[in-house]
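Step one of this worksheet: look at the structure below.
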Amino acid sequence: MTAIRRSLILSAAGAFAMLAALFPASVNAATEQTPAFTLPYELASFAPPVADPIQRAQAATAALPDDDADDAKSEAPTAAVDQAALNCMAKVVHHESRGQPRRGQIAVAQTLLNRLKSGNGRFGASICEVANQRGQFFNTTVYHPREDSDDWKTAVDVAREAMAGNAEPAAPGAIFFRAAYAGNNGFFRTRQHVATIGGQVFYR
């Protein structure tokens, strides 16, 4: 009887081994770990979105008080000044109108700009070309005023203000001017008078 029972047990073990070989998935399934419990939503969805650097900078600027925002704008880089043009214009202002009222000096600077804007290159394609045109002003390359003088500093300041477009038109549209003491010759009698400022008369 014991031999018969042992034979049955061995037969059953053999049969189980055969089933395991034939159906490995069904056997291994019993040993697989139960999947971890997951929430029906992502906790990350509750976190605020992370803005990119540009969005963060814009948000920070928008959050500034008005005064601080204005300060931030004033610290923004500005376009570089054309130093050569500034120097040529300042020399003309200094040579032609030093000692005149500031408005008159502004008018002289704006006359150069008006000539430049007149088109067709009639007076030159740059401020320095306008300033150095033969028969008009003078050769700025040989004119060297003292740069530590108040008159020169004023001329540079006037030129910078005119080039930046921050000055109201002193003699609107003027492209010519003369000293008042020089008299009104035939050329100027054919031009439209715009303004008389200090000792200078402006025409278009």
Side-chain angles (χ1 to χ4, degrees), residues 61 66-204:
T61 302
D66 291 341
D67 292 342
D68 291 342
D70 291 340
D71 291 342
K73 290 178 182 178
S74 66
E75 292 174 2
T78 57
V81 174
D82 185 337
Q83 193 61 42
L86 180 68
N87 195 52
C88 287
M89 181 179 285
K91 286 185 176 183
V92 172
V93 170
H94 184 272
H95 184 272
E96 302 292 338
S97 61
R98 68 181 180 275
Q100 294 293 319
R102 185 181 179 88
R103 182 165 170 264
Q105 296 187 51
I106 289 286
V108 169
Q110 290 174 340
T111 296
L112 270 70
L113 291 172
N114 292 340
R115 287 188 173 201
L116 182 62
K117 295 173 184 176
S118 65
N120 301 321
R122 175 185 175 189
F123 296 104
S126 69
I127 289 295
C128 286
E129 287 185 14
V130 171
N132 290 286
Q133 187 181 32
R134 180 174 294 182
Q136 295 301 308
F137 295 104
F138 57 93
N139 184 356
T140 61
T141 62
V142 297
Y143 184 66
H144 303 291
R146 283 184 50 187
E147 296 187 358
D148 60 347
S149 68
D150 290 339
D151 285 341
W152 173 251
K153 292 174 183 176
T154 298
V156 171
D157 188 47
V158 164
R160 182 176 287 111
E161 184 179 357
M163 289 179 64
N166 295 333
E168 290 293 326
I175 55 175
F176 302 102
F177 64 90
R178 65 175 175 86
Y181 63 78
N184 190 7
N185 61 26
F187 173 81
F188 288 108
R189 280 195 292 270
T190 64
R191 314 302 306 183
Q192 180 183 352
H193 174 263
V194 175
T196 298
I197 307 172
Q200 292 173 307
V201 189
F202 296 84
Y203 302 85
R204 68 163 65 103

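Keep in mind that this is a model prediction, so the values were computed, not measured.
A side-chain contact (heavy atoms from CB on, under 4.5 Å) with H94 holds for exactly one of E96, K91, R98; it is R98. Among V93, D157, D151, I197, the single residue meeting the side-chain contact (heavy atoms from CB on, under 4.5 Å) criterion with Q105 is V93.
The two residues T140 and C88 come nearest to each other via the heavy atoms OG1-SG, 3.9 Å. When all heavy atoms are compared, the tightest approach of M89 to I127 is CE-CD1, 3.8 Å. The two residues A131 and V92 have their closest heavy-atom pair at CB-CG2, 3.6 Å. Considering all non-hydrogen atoms of both residues, A109 and V158 come closest at CB-CG1, 4.2 Å. The shortest heavy-atom contact between A167 and E161 is CB-OE2, 3.6 Å.
The side-chain hydrogen bond (donor to acceptor under 3.5 Å, both in side chains) analysis of residues 173-185, with sequence neighbours excluded, yields the pairs R178-Y203.
Side-chain contact check for V156 versus N87: every heavy-atom pair is 4.5 Å or farther apart. Side-chain contact check for F137 versus L112: some heavy-atom pair is nearer than 4.5 Å. At least one side-chain heavy atom of R204 sits under 4.5 Å from a side-chain heavy atom of P172.
The aromatic rings of F177 and F202 lie tilted to each other, with the angle between the two planes from 30° to 60°.
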